[in-house]
Amino acid sequence: MSFVVAIDGPAGTGKGTVTEILSKKFKLVNIDTGATYRCVTLDMLNKNIGIDELDKIKDLLNKIQIEIKRENGKQLVYLNGEDVTKKIRSKEVSELVSQVSGIKEVRLSMVNLQRKMAEGKDVIMEGRDISTYVFPNADVKIYLDADLEERARRRYNQNKEKGIKMSYLEILENIKKRDENDKSKEIGALKVAMDAEVIDSTNMSIGQVVREISNIIEKKKNEIKLQKKIYKVRKETTWKKFVRKIIKVVLSTIYKIAFRVKITGSVPKDGAYIICSNHINYLDAAAIVLFNKRKVNFVAKEDLFTHGILMWLGHLFDAIPIKRNMQDIEAMKRCLKVLKNGELLGIFPEGTRKGMEKNLKAKNGAAFMAMRANVKVIPVGIHGTFKPFSKVYINYGEPMDLSEYNKEEMDKATEEIMERIVMLTKKED
Ligand code: DC
């Protein structure tokens, strides 16, 4: 999967410079999307095509060849085989480009090209609509802004360095017009994406902006790395089985001493079942897993996997990480696979600790999967405080057949599971 950094913002905010530095720092392919619109504009000027000559523009778009290449450490732009890196920054192009980029056909064609340029690569792209339209799922979204006068001053200095002649006032007017145009486009208008980080660079040096964005990129990369680790399915091996056995013996002995665990009822020796229990404490899932002769693949919120030791234990016991407050299709698939393999799946229908006490509606996941995989649910009532040396009761009920319910009765099926669990929590010696 490729990694996409999107940097949007109006002209003169330093996007180009910052993007170039970041692309080198993070080894990302730099795609200057503005350059693609500039190439179309230059091609139109070269061929004397007016802004209203749509047929000619469409023909030009069919034939145009734009390439962004890196040669001797420099980013070069080629239009139909010619190096136009400097020409596309000319006054004539700058004055017309915003209007050209507003033509629907030009936009669709260039967005297509930009997506193709990024295909399968780790990229950093700067423009106006990258985080909102070209790559709305970009990993990092930045909106770089600055005051109009400051932007005009920067562009003036930049042009002077490149030998492009344009007065400060000309630039100011040009940027003002472009801002208006860019913000009012039919497709891909310049706007702040809802999930973008806004950076106002008016009083910031390039170095400061680079540092701020670098921190955001690094944070995101670490998050992705962690997500990969959390969701990695670790294969069953003899060594894993052996370590699991040892850990089970050690931890269950500690549990027996600390909580005097008392178990009634049991789980069938083989076959797929969903174990559904009440959830009163962080320690109760482990109690079910440790005192079961068979492996119970427990569904656990993904935050639990962010701690080193818990992640290790989670992978050892094949716990299934689940994203909360959304439909986690990946987790659902893994649960169904466990059942298909004839194994045990553990779920807390309450969804969170003490859900019943908090009057929360139980989740339908267990009932849904029982129906989908055509397996029975084993209700479990846990009773106790998990205070040291107090008694904890784990009461297994008879397997429940939910096949009489249909898809529309999922709530009812969940209610029945919860009722059976509640009854089992009342059992003591
Ligand atoms: O970033 P730049 O000045 O080189 O961009 C040139 C023009 O292209 C600018 O007026 C806005 C337009 N553009 C766009 O509409 N969408 C993009 N993703 C990039 C640039």
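Values below: every heavy atom of this structure, side chains too, minus hydrogens, waters and symmetry copies. Just follow the structure's listing: the first ligand is 1, and inside any ligand the first atom is 1. Just so it is clear, the model here is predicted, and its values are computed rather than measured.
- For the residue pair Asn297/Glu343, the side-chain donor-acceptor check at 3.5 Å is satisfied.
- Each of Thr33, Gly34, Tyr37, Arg38, Arg89, Val97, Ser98, Ser101, Arg107, Gly127, Arg128, Asp129, Ile130, Arg178, Asp182, Lys185 has a non-hydrogen atom positioned under 4.0 Å from some atom of ligand 1.
- For Lys91, the salt bridge (Lys or Arg N to Asp or Glu O under 4.0 Å) partners two or more places apart in sequence, or in a different chain, are Glu170.
- A side-chain N or O of Asn292 and one of Tyr396 form a donor-acceptor pair less than 3.5 Å apart.
- Of the N and O atoms on the side chains of Gln208 and Arg211, not one donor lies less than 3.5 Å from an acceptor on the other residue.
- The main-chain N or O of Asp145 is found under 3.5 Å from a side-chain atom of Ser201 such that the two form a donor-acceptor pair.
- No hydrogens or angles considered: nothing links the side chains of His279 and Arg353 as a donor-acceptor pair under 3.5 Å.
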